[in-house]
Number of protein chains: 2
Amino acid sequence: MTKYSKQTRILVAVDCIIFGFDGDSLKLLIIQRGFEPEKNKWSLMGGFVEPSEKPENSAARVLKQLTGLENVYMEQMEVFGEPKRDPLERTVSIAYYALIDIHKYKDQLSKEYRAEWVPLKEIPKLIFDHNSMVDHAKKKLRYKAALHPILFELLPEKFTIPQILTLYEGVYDIVLDKRNFSRKLLSTGLLMRQKDKDKENSKKGAFYYKLNKEIYKDKISSFLNFIPNP
Amino acid sequence: MTKYSKQTRILVAVDCIIFGFDGDSLKLLIIQRGFEPEKNKWSLMGGFVEPSEKPENSAARVLKQLTGLENVYMEQMEVFGEPKRDPLERTVSIAYYALIDIHKYKDQLSKEYRAEWVPLKEIPKLIFDHNSMVDHAKKKLRYKAALHPILFELLPEKFTIPQILTLYEGVYDIVLDKRNFSRKLLSTGLLMRQKDKDKENSKKGAFYYKLNKEIYKDKISSFLNFIPNP
DNA sequence: AAAATAAATGTTATTTTGACACGAATAATA
DNA sequence: TATTATTCGTGTCAAAATAACATTTATTTT
């Protein structure tokens, strides 16, 4: 069997930008790199694509390694391919962003990787071009979430409207009119009101809602325009 | 210098989905592959990423090899990384789509590559997973063009409103109301009416327009909603 | 001069948006 | 027990955007 004998083979990696929301601010799960080069520096979670593995599986694999979670919402973002981005050896990296319910995160795993949830606004200097990846991920998340109801992936199964509002305000760094926002949200038919209330955050309590999965599947790729002039 | 010694290196390639519009239908520029495996089969234009080249430059390089054109609108689409997608040797391919003014490349069709413009609806079986790449490109083009004025990249410098209408109708395979469409289009401020008319397609003639590049640059990334419920 | 053709423009009802304010429920406090 | 404080949930209205629809205009051909 002839191969493409004259061509150069390159290391291929994946890096994950992992978003979480704790009810207050949007956060990223980052780690402290355990090996050279750049040992002990802050970094995104990543890994090399293995011989018989497709890249999306590599991404899912490293995400599971770190968090223990499977079937996570994950989207391919962009390839970072600057020849010198990794000074040790050329590596083409495929960036993925993931949205996880921060409460499902099992933090016993965080010791091995020395992982931490860090507010998006306080992300330190990361290795290589990882800060640039974070910027792109934030932009892409904003873009996509303005049109599609993906931010629910960051919330627990039961959530309240004030929580969603806070989430959107956090993602876009804006203040939204709660009346207009909840009108639009409810008009999508995505939400099913529950009988019980969350009494943690107010005296009156806020009704819990769950996602209507059927409608969610339908609407995940239709345009909803959640954000005015994004 | 230590390298990542235990990791596997992989061939990395780019493939280009090249769109053109001849006034009638949306077309793709495809070639007949000149080497084994799959010699003489229809294929997208592509090539391997070279040692010191970033992938977007590889894409621009192969596009120029084929068409002679530079500074073409091009966007990274998605990585195709199935381990067996190329049966000869594992190759991870980064797909790019390009929008070109077909008039700039139709008379000098490359004999070397045996290139042809083929209507999107008549694309034959292509090698590997290239048909899947085409499907994804079409979807992405529809998505993006519904929100951003990128289809102008397919038109010559001077164009008429009926031409744009035909283009949008071709891309989405729908019939649009020309009154509403042109009202929306003109309200963007993107178009500058010229003094002269195109008399090819009607007795009355249709005014030529040019893009207002300033406004174009501003609006290229803002949401315009050209297509109702895309 | 009349007919034919495609371009350009106008009207209106409906829907969606954005700006804005108040009553309801409940826990804490007096 | 009554009052206060707090957040939730909903309602109104004017303005803007949309979608559906028809007529006039410029020009060539007959």
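What you are looking at is a predicted structure, and each value in this text was computed from that prediction instead of being measured. Below, chains carry the letters A, B, ... as their sequence lines are ordered, and counting in each starts from 1.
Taking atom NZ of A/Lys184 as the reference point, atom C1' of C/dA19 lies 14 Å away to the nearest angstrom. Separating the CD1 atom of B/Ile161 from the P atom of D/dT25 is a distance of 19 Å, rounded to the nearest angstrom. The interatomic distance linking B/Leu185 (CG) with D/dA17 (C1') rounds to 16 Å, in whole Å. Rounded to whole Å, atom C1' of D/dG9 lies 14 Å from atom CG of A/Leu191. Look at CZ on A/Arg193: it is 14 Å from P on D/dC8, rounded to the nearest Å. In this structure, B/Asp198 places its CG atom 13 Å from P of D/dT28, rounding to the nearest Å. Following rounding to the nearest Å, B/Leu186 (CG) and D/dA17 (C1') show an atom-to-atom distance of 16 Å. As a whole-Å value, the separation of A/Glu200 CD from D/dT7 C1' is 14 Å.
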Please encode protein proximity along nucleotides 20-30 of chain C as a string of B, S and -, counting only heavy-atom distances under 4.0 Å.
BB-BBBBB---
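Among residues at least two apart or in separate chains, side-chain hydrogen bond (donor to acceptor under 3.5 Å, both in side chains) pairs with a member in residues 190-203 of chain A are A/Lys158-A/Asp196, A/Asp198-A/Asn201.
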Sequence neighbours excluded and cut-off under 3.5 Å, please list the side-chain donor-acceptor pairs for residues 20-29 of chain B, or say none.
residue: B/Asp22; atom: OD1; partner: B/Asp24; partner atom: N; Å: 2.8
residue: B/Asp22; atom: OD1; partner: B/Ser25; partner atom: N; Å: 2.9
residue: B/Asp22; atom: OD2; partner: B/Lys27; partner atom: NZ; Å: 2.9

Acceptor/donor pairs from residues 115-130 of chain B side chains to any protein atom, 3.5 angstrom cut, sequence neighbours excluded:
residue: B/Trp117; atom: NE1; partner: B/Tyr105; partner atom: O; Å: 2.9
residue: B/Lys121; atom: NZ; partner: B/Asp173; partner atom: OD1; Å: 3.1
residue: B/Lys121; atom: NZ; partner: B/Asp173; partner atom: OD2; Å: 3.1
residue: B/Asp129; atom: OD1; partner: B/Arg85; partner atom: NE; Å: 3.2
residue: B/Asp129; atom: OD1; partner: B/Arg85; partner atom: NH2; Å: 3.0
residue: B/Asp129; atom: OD2; partner: B/Arg85; partner atom: NE; Å: 2.7
residue: B/His130; atom: ND1; partner: B/Leu44; partner atom: N; Å: 3.1

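Scored by the ring-ring contact (aromatic ring centres under 6.0 Å, His included) test, A/Phe152 finds A/Phe159 as partners (sequence neighbours excluded). Taking the ring-ring contact (aromatic ring centres under 6.0 Å, His included) definition, one finds that B/Phe207 meets it with nothing, sequence neighbours left out.
Not less than 6.0 angstrom separates the ring centroid of B/His148 from the ring centroid of B/Tyr73.
Here D/dT30 sits opposite C/dA1 as a Watson-Crick or G-U wobble pair (both hydrogen-bonding atom distances under 3.5 Å).
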